[in-house]
Amino acid sequence: MSIYQHFRKHEHPFVDQVLSWKEQVERTYSYYLTDFLDPREQQIVTTLIGTTNEEIQFSFFGGGNHTERKRAIIAPYYEDIRDQDFDLTLLEGSFPERFVKIQHRDILGAFMSLGIDRKKIGDIIVTDDMFQLVITSELAPYIMMNFTKVNNVHIELKERPKSRILEKKDEWVHQHHTVSSLRLDVVVKEIYQMSRKDAVHYIKGNRVKVNFTDIDDPSVPLLAHDLLSVRGHGRSKLVEIKGKTRKDKFRIMAARLKA
């Protein structure tokens, strides 16, 4: 039985990558530190390495208790993994202009314009007059020197201890639904309370992500724990597939992220 059958086709390259990390740790007897992983990638690492592996252990850390994007350390079972081993730096940015609104996508776009790989950047936390970002420590000097503007607004970056990270715990609102199938368009229609036509329009318009990947095929079947994002409508997740009704429909539990 192939291990790949448990994952979608576009995830196969990452599966290969995780298996190569595992093999490297087993061969060299030294730990491997990854770039930042999104929650789905963290789930794949957990699935492939497992919690009962007696030779290898793994741990995730993203700078705080509720960070979403995290680095992973895969290590021999006898290694003592500490938070400082994840090599993270917390930067805090402020801007003097009043009545200026800077959003998450503005900061991320400014990073991309510097040619910085998204995998080197962890969570970006934005408030009304400042923001924080978690990055790999090796990038900190370059970013502090070159990251000076967002949307033509001058900013000032300062390094902060990770104990100063702004913790924001996501609140999810859970609901039970009954759907005719687990197709993406059917589930999006039900969770977001829109028409099937609108759901298809969003999907084909590249406005829907599944596990942080753009999906433009309305017929893609969803699995338990899949994370969804519909541009302009927020994030949700398929928490559980609870079986079928007598009329052969699926009973599911879904959750939407509270704004």
Side-chain angles (χ1 to χ4, degrees), residues 3-4 6-8 10-92 108 111 116-125 132-141 143 159-172 210-213 223-227 235 237 239-240 255 257:
I3 194 170
Y4 296 102
H6 301 291
F7 305 96
R8 295 187 173 95
H10 72 267
E11 294 175 333
H12 290 181
F14 183 71
V15 170
D16 289 336
Q17 191 171 44
V18 175
L19 292 175
S20 72
W21 295 338
K22 178 176 178 288
E23 190 274 333
Q24 179 178 327
V25 173
E26 291 172 332
R27 187 182 70 252
T28 63
Y29 301 101
S30 59
Y31 74 73
Y32 184 88
L33 174 62
T34 74
D35 287 331
F36 286 98
L37 307 177
D38 65 41
R40 174 56 179 168
E41 290 171 331
Q42 294 166 38
Q43 187 180 43
I44 292 174
V45 169
T46 302
T47 300
L48 292 174
I49 297 179
T51 55
T52 59
N53 192 316
E54 296 182 355
E55 301 298 324
I56 301 248
Q57 62 172 314
F58 64 92
S59 183
F60 302 110
F61 186 57
N65 294 325
H66 303 295
T67 46
E68 180 178 81
R69 295 175 60 81
K70 301 174 183 179
R71 302 185 84 175
I73 287 180
I74 303 168
Y77 72 92
Y78 49 78
E79 288 277 0
D80 181 22
I81 301 175
R82 304 161 301 171
D83 286 351
Q84 54 262 42
D85 295 329
F86 290 86
D87 202 22
L88 302 177
T89 295
L90 176 67
L91 297 180
E92 187 172 281
L108 185 58
F111 268 110
I116 297 173
D117 190 333
R118 180 66 177 100
K119 289 186 174 295
K120 302 294 184 182
I121 309 168
D123 279 17
I124 299 172
I125 306 154
Q132 292 182 337
L133 50 116
V134 185
I135 59 171
T136 58
S137 295
E138 63 181 347
L139 273 180
I143 289 175
E159 185 173 343
R160 300 295 191 197
K162 287 184 284 294
S163 59
R164 293 273 300 272
I165 192 169
L166 298 172
E167 297 281 7
K168 180 182 178 183
K169 187 175 182 180
D170 291 337
E171 293 184 54
W172 295 89
V210 178
N211 297 323
F212 306 93
T213 300
L223 304 172
H225 310 300
D226 277 345
L227 296 167
R235 299 169 76 178
K237 57 185 175 182
V239 178
E240 185 180 359
L257 185 61

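Note that this is a predicted model, so its numbers are computed, not measured.
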Under 3.5 Å: donor-acceptor pair, side chain of Arg40, backbone of Gln43: no
Heavy-atom side-chain proximity of Ile143 to Ile116 below 4.5 angstrom: yes
Close side-chain approach of Tyr29 and Tyr78, heavy atoms under 4.5 Å: yes
Within-4.5 Å side-chain heavy-atom neighbours: Leu133 and Phe111: yes
Where Val25 and Ile74 come nearest, the two heavy atoms and their spacing: CG2-O, 3.4 Å
Closest non-hydrogen atom pair, Thr34 against Arg71: O-NE, 2.7 Å
Under 3.5 Å: donor-acceptor pair, side chain of Glu79, backbone of Pro76: no
N/O donor-acceptor pair under 3.5 Å between Gln132 side chain and Leu90 backbone: no
Donor-acceptor under 3.5 Å (Thr89 side chain, Ile135 main chain): no
Value rounded to 0.5 Å, distance of OH in Tyr31 from CD in Gln24: 12.5 Å
Note, Phe14 side chain near Ile44 side chain (heavy atom, < 4.5 Å): yes
Considering all heavy atoms, the nearest Asp85-Leu33 contact: O-CD2, 3.8 Å
4.5 Å side-chain heavy-atom contact, Phe7 and Thr47: yes
Distance-only polar pair, side chains of Asp123 and Thr67, donor-acceptor under 3.5 Å: no
Nearest non-hydrogen partners of His225 and Asn211, listed with the distance: O-OD1, 4.2 Å
Side-chain touch Val45/Gln42, heavy atoms, less than 4.5 angstrom: no
Working for side-chain contact (heavy atoms from CB on, under 4.5 Å), residues Phe36 and Thr136: CA-CA 8 Å; Phe36 286 98; Thr136 58; 3.8 Å; yes
Where at least one partner belongs to residues 26-35, residue pairs that pass salt bridge (charged side-chain N to carboxylate O under 4.0 Å, His left out), sequence neighbours excluded: Lys22-Glu26, Glu23-Arg27, Asp35-Lys120
side-chain contact (heavy atoms from CB on, under 4.5 Å) assessment of Asp226 paired with Arg8: CA-CA 11 Å; Asp226 277 345; Arg8 295 187 173 95; 2.5 Å; yes
Inter- and intrachain pairs under salt bridge (charged side-chain N to carboxylate O under 4.0 Å, His left out), touching residues 59-70, at least two apart: Glu68-Arg235
Evaluation steps, side-chain contact (heavy atoms from CB on, under 4.5 Å), between Ile3 and Leu48: CA-CA 9 Å; Ile3 194 170; Leu48 292 174; 3.1 Å; yes
Check: His66 side chain, Asp170 main-chain N or O, donor-acceptor pair, under 3.5 Å: no
Test item: Phe58 and Ile73 side chains (from C-beta on) under 4.5 Å apart, heavy atoms: no
Minimum-distance pair of heavy atoms, taken over all atoms of Gly63 and Leu88: N-CD1, 3.5 Å
Heavy-atom closest contact (Ile81 atom, Ala75 atom, distance): CD1-CB, 4.1 Å
Side chain to side chain, Leu227 and Val210, heavy atoms closer than 4.5 Å: no
